[in-house]
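We count ligands from 1, going down the list as the structure has it; atoms in each ligand are counted the same way. For the numbers below, each heavy atom of this structure counts, side chains included, while hydrogens, waters and symmetry mates do not.
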Amino acid sequence: MIPAPALAAWLSRLVQIPSVTPVQAGPKALAHGPAGEARLAERLAEWFQQFGGQVTVEEVQPGRPSVYALWSGRTDRWAALDVHTDTVGVEQMDDDPFSGAIRDGRVWGRGAVDTKASLAIALALLEEMDRRGIQPEPNLLIGATVDEEFGATGAPAFAAWIQRQGLVIHQLMVAEPTGCVPVHGHKGVARFELTVHGEAAHTSQPERGKNAVVAAARIVLAYQAEHERLQTLPPTALGRANLTVAQIQGGTGINVVPDRCRLGVDRRVLDGESPSHLIDELYALAQSATPLPVEIQRLREMDAFLQPPDAPWIRQLAAWSGHQPAVAPYGTNAWAYKDLPGETVVMGPGSIDQAHAAQEWVAIDQLEKMAGIYARWWGLAEDGAAA
Ligand SMILES: [Zn+2]
């Protein structure tokens, strides 16, 4: 239905509108204008309106608007797409991060695969539907959501909006680069920081102080033992849980007993586990590892996402894509929709291997393949016919 050059052109246009998540926007990103999703959101609102959508803009955080757009369908069915508009930073990128260059059968630049590719496909189809005066088969809701890469506030805001509108979504796709594989599950995450408080002293008289780094080391070893214990448990549908102490900072000088040490901890969460409860338990474990006071700051709590691989829509997507349903090792916005009825899947063109990388690109044939799947999903192409 949509020729490859049109898909690539839409994606190129989107890559050229920077939308770097603010905490990762360094000098290279800021040379191209302000951080955040606002510029992209403004253009999306215009395009969605132009293509007949009923548009709502929700400022999820100051200066960071999500854009929701609705199209009426020919049936009572509701289909929704969550596509995040933010990208990771560009400081580590080699060439022009926002070139949107089209060459070697690929579209290049930050966000090309994660995840403006899905947005480009949706826009190309919406433009074509508008031009030809075609209504989608399902009622269609597109949420172009902010803040997926860092804080994860966009998807819960979209889920809450859907509930406030009283909408019952039957099929919800979370756009991420899965290589067009329908992903029916992934782990959640529990992240927190610990600060161990000791007492400073001169290192010539260490007995006068309390060494926060040594206390933190005991916590690190206790957590590593817990990680190793988790690896001995039988694997679940989502594999095994992991516990990683990912960051450590402490000490003020080489001749000072450190009075403070900070740890950054990441626990991957399985289906049925409560991130909040896990953090409570790990905090208790840290406190039992050292007599020094330990302070906690909770950073992120995301449930795992898992639904049966044989749910009807997932089976349909598997048939259309030619890929068996799979689980993913990384997290996505899908956790935010667990309280909504209906099926949720994570799916999109291109490979996660190119996401967040120094060079980001997506293959144009992946765009074509996913556009064909969207066309079937939205009832724009007969099953089995060329999209
Ligand atoms: Zn993404």
- Item | the Zn ion (ligand 1) to nearest N/O/S of D114 less than 2.8 Å | yes
- Query: Within E148, is some N, O or S atom less than 2.8 Å away from the Zn ion (ligand 1)?
  - Reply: no
- Message: With heavy-atom distances below 4.5 Å as the criterion, would you say the side chains of N242 and K187 are in contact?
- Response: yes
- Message: Between E343 (side chain only) and I314 (backbone N and O only), is there a donor and an acceptor less than 3.5 Å apart?
- Response: yes
- The atom of E176 among N, O or S that is nearest the Zn ion (ligand 1) is OE1
- Query: Should the pair R131-E127 be classified as a salt bridge under the 4.0 Å nitrogen-to-oxygen rule?
  - Reply: no
- Message: Tell me whether R43 forms a cation-pi arrangement with W47, defined as NZ or CZ under 6.0 Å from the six-membered ring centre and within 45 degrees of its axis.
- Response: yes
